Amino acid sequence: MLDIKLIREQPELVKDALKKRQIDSVIIDDIVQLDEERRALILDVEGKKAERNSVSKEIGRMQDKTEREAKIASMRELGDQINSLDEQLKQIESRLFERLAGIPNIPDSDVPVGVDDKDNVVIRTIGEKKHFDFEPKPHWELGPELGILDFEAGVKLAGTRFYVLEGAGARLQRALIFWMLDLHIRQGYKEFYPPWMVREEIMFASGQLPKFAENLYHDYQEDFWWVPTAEVPLTGIMMGEVLDEAELPLNLTAYTACFRREKMSAGRDVRGMKRGHQFDKVEMYKYCTPETANEELDNMVADACATCEALGLTYRVLLQSTGDLSFGSHKTYDIEVWAPGCQEWLEVSSISNIGQFQARRANIKYRPADGSAPQFVNTLNGSGLGMPRTMIAVMENYQQEDGSILIPEVLKPLMGGIEVIQKE
RNA sequence: GGAGGGAUGGCCGAGCGGACGAAGGCGCCUGUCUUGAAAACAGGUAUAGGGCAACCUAUCGUGGGUUCGAAUCCCACUUCCUCCGCCA
């Protein structure tokens with residue numbers, strides 16, 4: 001959510017930001033207009049309330065009965081006027097809020113302007129694409145042949161975009177999750193295990209609602225919403241809190257499954273396990289001051305890169321263009337790993353500085369060390385990493401000519417003695 | 001699932017129709033004192049919105065209602081605690 005004052009005072013700046021995101025900016029005029037109507041009504045109704053308050057106090061002190069009755073009658077009438085103005089104000093405020101909640105965040109000044117993900121800029125590439133003396137296979141062949149990945153069983157159980165990991169495949173993913181959480185703890189993050197279903201207001205606070213309702217699973221019986229990412233509960237956990245500057249930055253990490261209806265990508269990436277309705281992810285999250293946000297964003301990118309590096313994967317870092325930038329993001333880096341089997345760079349992490357956008361929705365502030373008034377914090381989030389695509393990259397990069405898969409060095413202690421996954 | 005009791009400022013806690021944005025305490029900040037600190041004393045210390053400002057409005061879990069006037073009365077909801085039941 002943007003600050004209404006920013007829109008009121010610098011509408012052109014906000015319009016410009018929307019244009020960079022390829023979004024029609026006329027809504028800003030609408031918002032400015034509603035804001036004016038709102039303030040005029042406030043002026044009117046609050047003046048009337050002030051009058052009612054002071055006269056009501058007088059009534060309490062009055063002795064003369066007839067005079068008292070007359071005042072009460074006139075205040076009753078004033079009360080009716082107040083009620084009707086309050087009703088008008090409420091309607092205008094809800095219209096204003098609805099529009100405001102639909103405005104995306106303003107991109108940072110160094111975010112490249114572009115139309116879509118093709119305009120993302122590659123910042124650096126680390127490692128060489130691995131050379132094979134044979135034709136490397138895609139994971140959707142490797143996995144089923146080894147008996148560790150079963151797409152048909154997934155369809156049998158739940159339908160398209162589901163799969164089953166079994167044996168060493170399931171164990172490999174568990175090892176990745178365990179190892180990543182431990183790595184992030186060493187990097188200075190605190191581990192959390194949050195609910196995987198949350199209330200509607202938590203979904204709103206993190207920016208998923210109202211705009212992205214159709215991509216979320218919703219239990220209508222209990223009114224629970226299934227998290228599409230651990231970012232949601234890690235934002236909600238501090239909702240309404242005032243933090244001390246001394247405790248910032250606050251670094252959090254959590255493993256959750258993520259649930260997405262994928263209505264926006266119907267028909268895309270259907271092959272393999274690249275995009276599913278349910279996937280596991282280890283998330284990193286930071287609360288910090290606006291002054292340190294850029295530095296913390298770099299730190300988080302470095303932490304995610306270290307994860308790829310330790311797994312021995314070839315990866316590259318991209319800066320998202322304004323056309324690809326997600327709704328709430330101020331600035332986002334993507335990390336992609338090379339998958340030699342499907343011959344594709346796979347996005348395993350998306351690391352964003354959300355600025356104050358989420359904090360304003362969730363009302364999360366910090367008290368500055370100098371004792372001045374509380375300010376909204378900056379929030380940052382990033383995957384560290386998403387499981388299915390990391391699994392794809394590990395499987396395809398560590399495959400051998402006979403179709404077996406070597407276990408990356410860092411995961412060996414967690415695989416119970418398995419050093420290579422072979423057909424049973 | 002049933003019965004009962006709660007939810008008040010950063011924290012604890014009083015108030016139960018009018019001078020209450022809210023006693024008192026703790027914490028924190030400033031000052032006096034002190035070589036410095038502690039103690040003591042004095043003052044200050046919520047958030048949001050509106051207004052150029054003086055200042056005004058709203059907020060005592062949330063949403064409605066009654067009333068000239070609600071932290072206080074009524075209704076609904078959320079949530080926490082205790083006990084019983086049920087499940088593990």
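Throughout, a chain's letter reflects where its sequence line sits, starting with A, and its residues are numbered from 1. This one's a predicted model, so the numbers in the text were calculated from it and none came from an experiment.
- Mapped onto RNA chain B by nearest heavy atom, A/Arg52 and A/Ser56 fall at different nucleotides, with A/Ser56 at the one closer to the 5' end.
- Base pairing of B/G49 is made with B/C56, judged by Watson-Crick or G-U wobble geometry with both donor-acceptor distances under 3.5 Å.
- Looking at the side chain of A/Lys49, the nearest of the listed nucleotides B/U57, B/G18, B/G64 is B/U57.
- Remark: the A/Glu46 side chain and the B/G51 base include no donor-acceptor N/O pair separated by less than 3.5 Å.
- The partner of B/A71, taking Watson-Crick or G-U wobble pairs whose two distances both stay under 3.5 Å, does not exist in any strand shown.
- For B/A46, the OP1/OP2 oxygens have no side-chain nitrogen or oxygen of A/Arg367 closer than 4.0 Å.
- A distance of about 15 Å separates the P atoms of B/U66 and B/U72, rounded to the whole Å.
- Under the Watson-Crick and G-U wobble criteria, each requiring two contacts below 3.5 Å, nucleotide B/A7 is paired to B/U78.
- Applying the side chain to side chain donor-acceptor pair (under 3.5 Å) rule to pairs touching residues 227-239 of chain A yields A/Thr229-A/Lys281, A/Glu231-A/Gln358, A/Glu231-A/Asn381, A/Thr235-A/Tyr285, sequence neighbours excluded.
- The distance from atom CD of A/Gln81 to atom C1' of B/C68 is 14 Å, rounded to the nearest whole Å.
- Side-chain atoms of A/Arg8 never come within 3.5 Å of backbone atoms of A/Glu36 as a donor-acceptor pair (strictly under, hydrogens ignored).
- To the nearest whole angstrom, the two P atoms, one in B/A38 and one in B/C28, are 10 Å apart.
- Only the C1' atoms considered, B/U8 is 7 Å distant from B/A71, to the nearest whole Å.
- B/G61 and B/A54 are spaced 30 Å apart, taking the P atom of each and rounding to whole Å.
- The gap from the P atom of B/G10 to that of B/G69 amounts to 29 Å, rounded to the nearest Å.
- Close to B/G49, at under 4.0 Å from its OP1 or OP2, lies no side-chain N or O of A/Arg39.
- One atom, CG of A/Asn83, and another, C1' of B/U67, lie 12 Å apart when rounded to the nearest Å.
- Considering only the side chain of A/Lys57, B/G21 comes nearest among B/G21, B/U79, B/C68.
- Checking the phosphate oxygens (OP1, OP2) of B/G50, a side-chain nitrogen or oxygen of A/Arg38 falls inside 4.0 Å.
- Atom CD of A/Glu36 and atom C1' of B/G50 are 14 Å apart (whole Å).
- The CZ-C1' distance, from A/Arg8 to B/G49, rounds to 9 Å in whole Å.
- When the C1' atom of B/G69 is taken as reference, atom CD1 of A/Ile72 falls 9 Å away, rounded to whole Å.
- The local environment of CZ in A/Phe212 is crowded, with over 12 non-hydrogen atoms from other residues, nucleotides or ligands closer than 6.0 Å.
- A pairwise comparison of heavy atoms in A/Cys305 and A/Val317 identifies SG-CG2, 3.8 Å as the closest pair.
- When both distances must be under 3.5 Å, the Watson-Crick or G-U wobble mate of B/A37 does not exist.
- Proximity note for A/Leu43 (side chain, C-beta onward) versus B/U79, B/C68, B/G51: the nearest is B/G51.
- As a whole-Å value, the separation of A/Lys48 NZ from B/G51 C1' is 16 Å.
- When both distances must be under 3.5 Å, the Watson-Crick or G-U wobble mate of B/C16 does not exist.
- The phosphate of B/A46 (OP1 or OP2) has no side-chain N or O of A/Lys365 nearer than 4.0 angstrom.
- In terms of heavy atoms, A/Arg360 sits closest to A/Leu2 at NH1-C, 3.7 Å.
- Of all heavy-atom pairs spanning A/Val111 and A/His330, the tightest one is CG2-O, 3.6 Å.
- For A/Lys71, the NZ atom counts as loosely surrounded, since its 6.0 Å shell holds 12 or fewer non-hydrogen atoms of other residues, nucleotides or ligands.
- One atom, CD of A/Glu93, and another, C1' of B/G50, lie 11 Å apart when rounded to the nearest Å.
- Two residues, A/Ala50 and A/Ile59, neighbour RNA chain B, and the one matched to the more 5' nucleotide by heavy-atom proximity is A/Ala50.
- B/U78 sits 32 Å from B/C68 when the C1' atoms are compared, rounded to a whole Å.
- Searching all strands for a Watson-Crick or G-U wobble partner of B/U30 with both distances below 3.5 Å returns B/A42.
- Comparing B/G1 with B/G9, their P atoms are spaced 30 Å from each other, to the whole Å.
- Of the candidates B/U47, B/C68, B/G49, the closest approach to any side-chain atom of A/Lys5 belongs to B/G49.
- One P atom belongs to B/C74, the other to B/G4, and the distance between them is 15 Å to the nearest Å.
- Taking 4.0 angstrom as the limit, A/Asn53 places a side-chain polar atom (N or O) nearer than this to OP1 or OP2 of B/A58.
- The phosphate of B/G64 (OP1 or OP2) has a side-chain N or O of A/Lys90 nearer than 4.0 angstrom.
- By the 30° and 60° cut-offs, the orientation of the rings of A/Trp196 relative to A/Phe259 is tilted.
- Across all strands shown, B/C86 forms no Watson-Crick or G-U wobble pair with both key distances under 3.5 Å.
- The separation between A/Arg61 atom CZ and B/A19 atom C1' is 7 Å, rounded to whole Å.
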